[in-house]
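No experiment lies behind these values; they were computed from the predicted model shown.
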Amino acid sequence: MAIESGVDLTPLMGSLLELTAAAVTGLVGWALRRYLGLKADNEIRGYIYEAASRAAKIGLQRAQEKYGHLDKVTVGNEALDIGARYMTEMVGDGIRRFNLTPEKVRDLVEARMP
């Protein structure tokens with residue numbers, strides 16, 4: 001005489017299926033947020049680089065208007081200061097998002113100066 005023993009797991013299958021669906025949904029949501037966040041970061045980074053280029057041009061232009069020439073080191077420093085201030089005003093949120101220091105902002109502007 002064989003004794004049959006076993007556990008009926010059928011009632012747990014519904015709960016297990018719900019738990020699996022919730023986990024997959026959460027994972028897909030996380031991946032989508034991460035992808036969109038990286039995409040947004042790339043767009044913001046592009047705006048920052050564009051602003052740095054504009055800031056370099058504006059800084060040089062305003063320094064040249066003030067002095068009539070651009071052959072002095074102090075003019076270059078002033079052009080950098082003007083450009084860095086302009087950039088901070090134009091894309092301050094992006095600068096804060098990437099935790100850019102004032103020195104890094106100046107470096108970005110200076111790198112785009114002729």
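Arg106 is listed as a side-chain neighbour of Asp81, based on a closest heavy-atom distance under 4.5 Å. Between Met90 and Tyr47 there is no side-chain heavy-atom pair separated by less than 4.5 Å.
With respect to Asp107 and Lys104, no salt bridge is recorded, no charged nitrogen being found less than 4.0 Å from a carboxylate O.
Closest approach of Ala55 and Val109 over heavy atoms only: CB-CG2, 3.9 Å.
Here CG of Asp93 is found 10.0 Å from CD1 of Ile48. Values are rounded to the nearest 0.5 Å. A distance of 9.0 Å separates CD of Glu65 from CD1 of Ile82, quoted to the nearest 0.5 Å. Note that the CZ atom of Arg62 and the CD atom of Glu78 stand 11.0 Å from one another [nearest 0.5 Å]. To the nearest 0.5 Å, atoms CD (Glu110) and CD (Glu103) are separated by 12.5 Å.
Under the 4.5 Å side-chain heavy-atom criterion for grouping Ile, Leu, Val, Met, Phe, Trp and Tyr, Phe98 is connected to Val105 within one hydrophobic cluster.
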### Task
Verify side-chain contact (heavy atoms from CB on, under 4.5 Å) between Leu108 and Leu100, making sure each step is shown before the conclusion.
CA-CA 10 Å; Leu108 286 169; Leu100 299 179; 4.0 Å; yes
### Task
Test Arg97 against Asp41 for side-chain contact (heavy atoms from CB on, under 4.5 Å), laying out the working first.
CA-CA 9 Å; Arg97 180 179 180 119; Asp41 284 353; 2.5 Å; yes
### Task
Determine, stepwise, if the pair Leu80 / Met113 fulfils side-chain contact (heavy atoms from CB on, under 4.5 Å).
CA-CA 9 Å; Leu80 274 174; Met113 288 188 166; 3.9 Å; yes
